[in-house]
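Data first, discussion second: the structure below is written as structure tokens.
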Amino acid sequence: MLTIHGRNLVGGQFRPALSEKRIDLVSPSSGRLIGSIPASEKRDIDAAVSAARAAVEGGTWSRQTAVERGRLLTALGALVSKHADKLAQIESLDTGKPLRQARQDIELTARYFEFYGGGADKFGGETLPYLNDFNIQLWREPLGVTGHIIPWNYPSQILARTLAPSLAMGNATVLKPAEDACLTPIHLSELAVEAGFPDGSINVVTGSGDVAGASLASHVGIDFLSFTGSPETGASVAAAAASNRIACALELGGKSPQIVFEDADLESAYPVLVQAIIQNAGQTCSAGSRILVQSSVYDLVVEELGRRFAELEAGPHDLDLDLGPLISHKQKTRVLGYLELADQSTMVAQGNIVSDAPPDGFYVRPTLLGPIDGDSRLAQEEIFGPVLICTPFSDESEAVRLANGTDYGLVAGVWTSDGSRQLRMAKALNCGQVFINCFGAGGGVELPFGGVGKSGHGREKGMIALHTYSRLKTVVQFHGH
Ligand code: NAD
């Protein structure tokens, strides 16, 4: 079994936490120890923020042109592709996700670096019409030092999604990965040094959320905070950022509906409806975790989904089945707690855990429930596991009411062959992304992404992220008659 003892990257140096303390890592597939990471504290975060500050204020990084920054990002993307096999093995071991999914994640990680590598020298300011005799320029400047706190569900993809646009704009970065899964971030930090990123431009510091994470979120030396994780922690890091008067982007999950009308191409919808919840064992912020089905086809759709759920298999990451284990014992307990809320009469179908899955792994059977009342906790709260709930609706207005009827608003899917209805629904849905006759949980490097309400605010992905990671300065020049 692979055992990895990771180090922090601070100011171009790989080192343990200053206290030398460590946190053990376990494999979600077996519950067994697979390595350890530095248990960093406030002084490690202080050192990383200082190194980043030095990088943007006079360091080599501050002198790089947009073209040079783009080339570094592109070089890192190429290194990720070159080491894709090894990175995918590590991501799969560390998170428990099936190997083929980890391979897709690493491909997307490379794609983020490539995309923003290409974007770095193509994004600039503007001029504005104003009074005669004046020249108005809008400049796009880096923010300075950006802090990034990321979760365990897609460690490599989310690292790339948040660091790459920030680096493209010339910021220096400090990243705190999640303590439950951070081996790929550690490996990516090594590849960043190999690609030639100057000292201090990328700092990666591991540790617990309440110590290392809280120290970064409340640090007076950062100029912007990007956070992806739970709404509760999101609220606390946003409060810390506000007390330092800095902006933040929050991506806090969802309860994303897929709405199936009676005129939908159901055969095309079924595999997508299932995949959107079992991907990453349901631990995806944009998982399609609720299905709203028009009453006239409700029984038909639920019966077919039930048949497909009963065939699903969960097992160790290296068996590459439909889904792997959950990330931790804590998450497994949480998801099983939700299943206990379900009335037995609403249990439509459950998939299986393969017999050779290690008993100490964190497996949960994929489960289809319905009909579930739209106001119940199962329909309102993010379960973050392989649990799909079905709720019937009678007409378009009820579909909209149910779809918008949670505190979240990240993504929605609409399945209908009526073109006018597709657009009416897209307008009426209160969320950041709408998919029509398709659904994309994760992925979509080019597609701006972010939520409303409890799903957070701010946009990442796509060229819009270059706005997020830069500051606008208005320059007013009087040039005379
Ligand atoms: P979390 O929000 O506590 O953790 C996310 C990140 O924040 C991790 O890096 C963690 O170390 C850090 N963190 C934790 N406490 C912190 C603090 N006080 N200050 C600063 N950083 C802190 O999430 P979790 O406890 O791992 O999972 C709980 C629930 O969150 C899940 O069940 C799920 O519903 C949700 N979640 C959502 C996403 C998403 O992509 N939106 C990802 C992970 C978890």
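Atoms within a ligand are numbered from 1 in the order they appear, just like the ligands themselves.
- Every heavy atom of E232 sits 4.0 Å or more from the atoms of ligand 1.
- The single protein non-hydrogen atom nearest to atom 25 (O) of ligand 1 is K330 NZ, 3.1 Å, given as residue, atom name and distance.
- With hydrogens left out, the protein atom closest to atom 44 (C) of ligand 1 is F384 CE2, 3.7 Å, a heavy atom.
- Residue-ligand proximity, E251 to ligand 1, at heavy-atom distances under 4.0 Å covers atoms 41 (N).
- Residues S226 and T162 bring a donor and an acceptor atom of their side chains to less than 3.5 Å of each other.
- Using modelled atom types, one finds no donor on one side chain facing an acceptor on the other under 3.5 Å when comparing S208 with E179.
- Close approach to L252 involves these atoms of ligand 1, each under 4.0 Å from a residue heavy atom: 41 (N).
- The pair D320-K97 does not meet the salt-bridge criterion, since no charged nitrogen lies less than 4.0 angstrom from a carboxylate oxygen.
- Remark: K330 fails to qualify as a cation-pi partner of F362 under the 6.0 Å distance and 45° angle criteria applied to the six-membered ring.
- In this structure, K255 forms no cation-pi arrangement with Y408, as its terminal cationic atom is not both closer than 6.0 Å to the ring centre and no more than 45° off the ring axis.
- Looking at ligand 1, you won't find any N or O of T228 less than 3.5 Å from one of its N or O atoms.
- Of all the atoms in ligand 1, the ones that sit under 4.0 Å from a non-hydrogen atom of V237 are 19 (N), 20 (C).
- For ligand 1 and F227, the ligand atoms under 4.0 Å from any heavy atom of the residue are 2 (O), 6 (C), 7 (O).
- Ranked by closest heavy atom to atom 34 (O) of ligand 1, the top entry among K255, E179, E382 is E382.
- From the protein, the heavy atom lying nearest to atom 39 (C) of ligand 1 is C285 CB, 3.6 Å.
- Under the 30°/60° scheme for interplanar angles, the aromatic rings of W61 and F197 are found to be tilted.
- The contact set between ligand 1 and A178, taken as ligand atoms under 4.0 Å from a residue heavy atom, comprises 8 (C), 9 (O).
- Residues L167 and R69 form no side-chain contact, since every pair of their non-hydrogen atoms from C-beta on lies 4.5 Å or further apart.
- Counting all heavy atoms, side chain and backbone alike, V174 lies closest to A52 at CG2-CB, 4.0 Å.
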- Task: Starting from the C-alpha separation in whole Å, work towards a yes-or-no answer on salt bridge (charged side-chain N to carboxylate O under 4.0 Å, His left out) for E311 and R308.
- Result: CA-CA 5 Å; E311 285 174 359; R308 290 172 187 247; over 6 Å; no
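- Residue G253 has at least one nitrogen or oxygen atom sitting less than 3.5 Å from a nitrogen or oxygen atom of ligand 1, judged on distance alone.
- There is a side-chain donor-acceptor pair under 3.5 Å between T284 and Y154.
- For atom 41 (N) of ligand 1, the nearest protein heavy atom lies under 4.0 Å away.
- Ring-plane geometry between Y112 and Y116 is classed as parallel, the angle between the planes falling under 30 degrees on a 0 to 90 degree scale with a further cut at 60.
- Protein heavy atom nearest atom 20 (C) of ligand 1, with residue, atom name and distance: G213 C, 3.1 Å.
- Between T233 and ligand 1, at least one N/O pair is under 3.5 Å apart.
- Distance from atom 13 (N) of ligand 1 to its nearest protein heavy atom, with residue and atom name: G209 CA, 3.3 Å.
- Polar contact with ligand 1: absent for P151 (N/O pair, distance under 3.5 Å).
- For ligand 1, the atoms lying closer than 4.0 Å to a non-hydrogen atom of R334 are 32 (O), 34 (O).
- For the residue pair Q157/D105, the side-chain donor-acceptor check at 3.5 Å is satisfied.
- Here is the list of ligand 1 atoms found below 4.0 Å of a heavy atom in K176: 9 (O), 10 (C), 11 (O).
- No side-chain N or O of E251 forms a donor-acceptor pair with one of S455 less than 3.5 Å apart.
- Ranking the protein heavy atoms by distance from atom 12 (C) of ligand 1 puts I149 CG2, 3.7 Å first.
- Residue contacts with ligand 1: S230 is placed with a nitrogen or oxygen under 3.5 Å of a nitrogen or oxygen of the ligand (distance criterion only).
- With no hydrogens or angles considered, no side-chain donor-acceptor pair links H219 and N244 at under 3.5 Å.
- Nearest protein neighbour of atom 26 (O) of ligand 1, counting heavy atoms only, is W152 NE1, 2.6 Å.
- Protein heavy atom in closest approach to atom 9 (O) of ligand 1: I150 O, 2.8 Å.
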